[in-house]
J.: 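Please read through the structure below; I'll follow up with questions.
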Amino acid sequence: MTDQTLERTGTATGERSMGMPRHHLVIFAGLLMFFLVAPFFLYPVFLMKVLCFALFACAFNLLLGYGGLLSFGHAAYFGGAAYVSAHAAKAWGVTPELSVLLGTGSAALLGLVIGLLAIRRQGIYFAMVTLAFAQMVFFFALQAPFTGGEDGIQAVPRNMLFGIFDIAQDRVFYFFVLAIVFGGLLILYRIIHSPFGQVLKAIRENEPRSISLGYQVNRYKLAVFVMSAALAGTAGATKALVFQLASLTDVHWTMSGEVVLMALIGGMHTVFGPIVGAAVIVTMQNYFAGFGAWVTVLQGTIFVIAVLLFREGVLGVIGRWLKKPM
Amino acid sequence: MFELLGIAPQALFGQLLLGLINGSFYAMLSLGLAVIFGLLNIINFAHGAQYMAGAFVAWMLLTYLGIPYWGALVLSPLLVGAAGIVIERLMIARLYHLDHLYGLLLTFGLALIIQGLFRNSYGISGLPYTIPTEFQGGQNLGFMFLPNYRAWVVVASVIVCFGTWFMIEKTRLGAYLRAATENPTMVGAFGINVPRLITLTYGFGVALAAFAGVLAAPIYSVNPNMGADLIIVVFAVVVIGGMGSILGAILTGFGLGLIEGLTKVFYPEGSAVVIFVIMAIVLMVKPAGLFGRTA
C-alpha cells in the first residue's frame with residue numbers, strides 16, 4: 001500500500017532510550033500501566049478479549065502495513081491455533097503456556113504451507129488465494145473429528161500454569177494473558193524496527209528495485225508471512241483459553257474481515273494503530289451485541305467510510321498532527 | 001462399466017448435472033468478476049452480495065408486485081445493475097488513483113452492509129421461490145431424470161456467457177472496452193468517454209451477478225447468506241483460471257463445477273475443498289492461472 005506512507009523509522013526524531021524513540025517508550029509504558037490497573041475497574045474477560053485481538057491485529061498488520069501484503073485469510077491461523085490450543089488443554093491436559101506454544105507452532109506451520117503457495121501471486125490475487133485457503137481450513141474445522149463441528153470445543157479447562165500455579169480465576173488469568181500479549185507486541189515491535197523490517201519496507205515500496213539490489217524478495221515475504229501467522233496463532237490460542245471455547249466463528253471469513261478492519265481504522269502504517277482498532281471494534285461488538293445483524297451493517301459502514309475518507313487511520317492522523325510516527 | 005465402479009448411473013449423472021448447474025453459476029460469476037477486473041482493476045467483493053440481491057429482488061417483485069419469473073429475469077438485473085452504477089459513481093470512482101487493494105476493502109464493506117440489511121429484514125431461514133409453470137416437471141432420459149428448470153439454467157447460462165464473450169470479442173463496443181483495458185489514456189484521447197465506459201462495465205458486471213441470482217432463486221432458497229460462501233469458491237475459480245481471458249473464465253467455471261460433481265460421487269468428504277486443492281496445485285504448477293497472462 002503505497003498510498004501516503006507517512007510513517008518513518010524512529011531514528012529521525014533523535015531522542016531514543018532503550019533502543020526506541022522516547023514517545024514509543026512512553027506509549028508502551030502507558031499501555032502497560034493502563035492494562036495493569038484496568039482489571040480493577042473493568043470486566044477482566046472484556047479486557048482479555050481486547051488484548052487478544054490487539055495482538056491479532058498487530059500480527060496481521062505486520063504483514064499488511066510493513067510487508068504490503070493483504071491477507072484475507074488470517075482467521076485460519078487465529079482459529080486454527082485456537083482449536084489446537086483448546087484440544088491440547090482439554091484432551092491432553094496440557095499446561096496453558098504449552099497450549100499457547102502448541103497453538104503458535106501449528107499456526108506457524110500452517111502459515112509456512114499456505115505462505116509458500118500464496119506468495120506466488122501478488123496484490124489482489126494474493127488476497128483471494130489466502131481467503132480461499134482460509135475457507136479450506138474452515139471446512140476442515142467443520143468436518144474434522146476433533147473439532148466438534150458446529151459446537152466447537154467447549155469447556156476448555158484452564159490448567160495449572162507450569163503445572164504448579166492455579167490461575168483459573170479470571171483476575172489471575174488476566175495477568176497471564178497480559179504477559180503473553182505484551183511479549184508478542186514487543187516481539188512485533190522488534191521485528192518492525194530491525195534491519196529485516198527495513199528490507200520489508202523496501203520491498204513494499206518497490207519490489208523490482210529490491211530484487212535488483214540483490215534481496216531474495218520471496219524469502220523475506222515468506223518469513224514475514226510465517227511470523228505474522230505465528231503471532232496471530234498466539235493470539236488465537238490465548239483467546240481459546242480466555243473464553244474456554246474454540247468455535248467456527250474463529251476460523252470464519254468474517255473474522256479475517258474483522259482483523260482487516262481493525263488494522264485499517266487504527267492505522268495500517270503505524271505500530272500501535274491496530275491496538276486502537278481492536279479496542280474500538282471489540283467495544284463496539286460488546287455494546288451492540290443485542291442488535292443482531294446491525295453490527296454487520298455498522299462494520300460494513302465503518303469499512304466504507306474508513307476506505308473513502310480515513311485511510312490513514314486514527315493513529316495515522318494523530319501521528320501526522322504530532323509529527324511523530326506512531 | 002458402472003457395475004465395475006460400483007456407482008449407480010443415476011447417482012453419477014445426477015451429480016454431474018448438479019456439478020453442471022454449480023458450474024453455470026461459477027462461470028457467470030467469475031465472468032462478471034473478470035469483466036469488472038479487466039477495466040476497473042478491482043476485485044468486486046460485493047459480487048456475491050449482488051448475486052444474492054438479484055435473487056431477493058426477484059422474490060420481492062413476485063411477492064409485492066406480482067411480477068412473475070420472466071419479468072424478474074429482466075427487471076432484477078436492471079435494478080441491481082443500476083444500484084451498482086450508483087455505487088460506482090459515488091464510491092468506487094474515488095479510489096481509482098489508489099492501490100487496488102482499497103477497492104477490495106471498499107467492496108468488502110459494501111458486501112457486509114448489503115448482507116446485514118437483508119438479514120435484518122428477512123432473517124436467515126430462506127424464502128421459497130417457486131419454479132415457473134413453464135419449467136415444472138422434467139424429462140426422463142432413460143439413464144436419469146432431468147428436471148426442466150435445471151436444464152433451462154444450464155442453457156440460459158451458456159447463452160449469457162457466450163453472449164458476453166461475443167460482445168467483448170466481436171463487437172465495436174467490445175473493441176473499445178478491450179482497448180480501454182490496455183490503455184485508457186490513449187482511448188480517451190480518441191474521444192471515447194472512458195469514465196462512462198467504466199461505469200457501464202461495472203453496472204453490466206453487477207447485472208450479470210443479479211441475473212445469476214434470479215436463475216438461482218428457484219433452485220436454492222432465497223437467503224441473505226447465499227452469495228457469501230459462493231463468492232469465495234468463485235475467487236478460487238478465478239485464481240485457477242486467471243482473469244486474462246473471458247473464454248478461460250467460462251471454461252474454468254463449468255469445468256470446476258463438473259469436477260466438484262464427480263468428487264461428490266467418488267469422494268463425498270472432499271467435495272467442499274476439491275476446488276481449493278485444485279487451486280493449490282495450479283499455484284504450484286502454473287502460478288499465473290490456466291488462462292492467465294504472467295504479470
Side-chain angles (χ1 to χ4, degrees), chain A residues 1-4 64 68-70 72-73 113-114 116-140 142-143 252-254 256-258 260-261 263-264 268 291-309 311, chain B residues 33 37 41-43 45 49 90-91 94-95 97-121 123-124 224 228-229 231-240 242-243 269-270 272-273 275-277 279-281 283-284 287-289 292 295:
Chain A
M1 305 229 145
T2 47
D3 165 52
Q4 290 181 324
L64 174 63
L69 298 166
L70 172 61
F72 232 100
V113 175
I114 295 181
L116 267 173
L117 292 165
I119 57 166
R120 289 165 162 259
R121 302 304 302 264
Q122 275 106 32
I124 49 171
Y125 280 102
F126 181 86
M128 290 195 284
V129 169
T130 46
L131 175 63
F133 280 125
Q135 190 72 352
M136 200 166 155
V137 173
F138 174 81
F139 280 121
F140 178 78
L142 188 62
Q143 293 174 342
H252 198 246
W253 56 264
T254 44
S256 304
E258 261 168 38
V260 179
L261 184 56
L264 179 67
M268 286 188 295
F291 292 93
W294 286 114
V295 179
T296 317
V297 178
L298 188 60
Q299 278 184 357
T301 313
I302 297 176
F303 239 115
V304 169
I305 293 172
V307 171
L308 287 176
L309 307 171
R311 286 182 289 274
Chain B
L33 282 179
F37 178 75
N41 268 324
I42 65 157
I43 271 294
F45 215 120
L90 288 181
M91 298 178 188
R94 293 163 195 267
L95 300 177
H97 64 288
L98 298 172
D99 195 300
H100 305 325
L101 293 175
Y102 285 112
L104 178 77
L105 296 180
L106 177 80
T107 48
F108 178 75
L110 290 172
L112 287 183
I113 296 176
I114 300 171
Q115 268 171 38
L117 287 176
F118 277 104
R119 215 180 305 155
N120 268 321
S121 309
I124 51 164
D229 293 333
I231 197 63
I232 300 178
V233 180
V234 173
F235 280 170
V237 172
V238 163
V239 172
I240 293 169
M243 283 190 289
E269 296 83 2
V273 294
I275 290 185
F276 302 125
V277 173
M279 183 184 83
I281 297 168
L283 281 173
M284 277 189 279

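In this text, all values refer to a predicted model and were calculated from it rather than measured experimentally. To find a chain, count down the sequence lines: A is the first, B the second, and so on, and within it residues start at 1. Only this structure's heavy atoms are used, side chains among them; waters, hydrogens and symmetry mates stay out.
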J.: Taking all heavy atoms of B:Leu105 and all of A:Phe303, pick out the closest pair and write down the distance.
T.: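 That would be O-CD2, 3.6 Å.
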J.: Could you grab the distance from atom CG of B:Leu90 to atom CG of A:Leu308, nearest 0.5 Å is fine?
T.: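 Spacing of CG (B:Leu90) from CG (A:Leu308) equals 9.5 Å.
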J.: Check each atom of B:Leu104 against the heavy atoms of chain A and say whether the ones under 4.5 Å are side chain, backbone, both or neither.
T.: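 For B:Leu104, the side chain is the part near chain A, not the backbone.
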J.: Of the non-hydrogen atoms in B:Met279 and A:Ala132, which two are nearest, and what is the gap between them?
T.: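 Shortest heavy-atom separation between B:Met279 and A:Ala132 comes out as CE-CB, 3.4 Å.
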J.: With a 4.5 angstrom heavy-atom cut-off, could you sort out which part of A:Val260 is near chain B: side chain, backbone, both or neither?
T.: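 Contact with chain B involves the side chain of A:Val260 alone.
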J.: Can you find a pair of side-chain heavy atoms, one from A:Val297 and one from B:Leu112, that are under 4.5 Å apart?
T.: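 The answer is no, as the side chains (C-beta and beyond) never meet within the 4.5 Å cut-off.
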J.: Is the number of heavy atoms from other residues, nucleotides or ligands under 6.0 Å of A:Phe140 CZ greater than 12?
T.: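 Not buried by this count: 12 neighbours or fewer within 6.0 Å.
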J.: Go through the atoms of B:Phe108 and report whether side chain, backbone, both or neither lie under 4.5 Å from a heavy atom of chain A.
T.: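 Side chain of B:Phe108 only, per the 4.5 Å heavy-atom cut-off to chain A.
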J.: Flag the pair A:Phe72 / B:Phe45 as yes when their ring centroid distance falls below 6.0 Å, and as no otherwise.
T.: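 Yes.
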J.: Is there a side-chain contact between A:Phe133 and B:Leu283, using heavy atoms and a 4.5 Å cut-off?
T.: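 Touching, per the 4.5 Å side-chain cut-off.
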J.: First locate atom CD1 of A:Ile124, then atom CD1 of B:Ile43, and finally report the distance between them rounded to the nearest 0.5 Å.
T.: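 Reported to 0.5 Å precision, the distance equals 4.5 Å.
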J.: Nearest 0.5 Å please: distance from the CE atom of A:Met268 over to the CG atom of B:Leu101.
T.: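 The CE atom of A:Met268 sits 8.5 Å away from the CG atom of B:Leu101.
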J.: As an exercise, state the distance from CG of B:Leu106 to CD1 of A:Ile305, rounded to the nearest 0.5 Å.
T.: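 Atom-to-atom, B:Leu106:CG and A:Ile305:CD1 are 11.0 Å apart.
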J.: Does B:Leu117 reach the side chain of A:Trp294, with side-chain heavy atoms less than 4.5 Å apart?
T.: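 Result yes, sub-4.5 Å side-chain heavy-atom pair found.
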J.: What distance do A:Phe138 atom CZ and B:Phe276 atom CZ have between them, rounded to the nearest 0.5 Å?
T.: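 Answer for the CZ-CZ pair, A:Phe138 versus B:Phe276, is 10.5 Å.
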J.: Under the criterion side-chain contact (heavy atoms from CB on, under 4.5 Å), I'd like the reasoning laid out for A:Arg311 against B:Leu98: C-alpha separation, chi angles, the key distance, then a yes or no.
T.: CA-CA 11 Å; A:Arg311 286 182 289 274; B:Leu98 298 172; 3.2 Å; yes
J.: Tell me, with the steps shown, if A:Gln135 and B:Asp229 meet side-chain contact (heavy atoms from CB on, under 4.5 Å).
T.: CA-CA 9 Å; A:Gln135 190 72 352; B:Asp229 293 333; 3.8 Å; yes
J.: Just wondering, more than 12 heavy atoms not from A:Leu142 lying within 6.0 Å of its CG?
T.: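 Yes, CG of A:Leu142 has more than 12 neighbouring heavy atoms, counting only those of other groups under 6.0 Å.
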J.: Between atom CZ of B:Phe118 and atom OG1 of A:Thr296, what is the distance when rounded to the nearest 0.5 Å?
T.: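 Going from the CZ atom of B:Phe118 to the OG1 atom of A:Thr296 covers 14.0 Å.
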J.: Please report the shortest heavy-atom distance between B:Ala228 and A:Trp253, naming the atom on each side.
T.: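 In this case the closest contact between B:Ala228 and A:Trp253 is CB-CZ2, 3.4 Å.
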J.: Might you point out which heavy atoms bring A:Arg121 and B:Pro287 nearest each other, and give the distance in Å?
T.: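 Looking at all heavy atoms of both residues, the closest pair is NH1-O, 2.6 Å.
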J.: Under 4.5 Å, counting heavy-atom pairs only, tell me which of B:Asn120, B:Val239, B:Ile232, B:Leu95 racks up the most with chain A.
T.: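 Sorted descending by pairs with chain A, the first entry is B:Asn120.
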J.: Give the member of A:Leu116, A:Ile114, A:Leu117 that has the highest number of heavy-atom pairs under 4.5 Å with chain B.
T.: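 Of A:Leu116, A:Ile114, A:Leu117, A:Leu117 has the most heavy-atom pairs under 4.5 Å with chain B.
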J.: Chain A heavy atoms under 4.5 Å from B:Glu269: which part of the residue, side chain, backbone, both or neither?
T.: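 B:Glu269 touches chain A through backbone heavy atoms alone.
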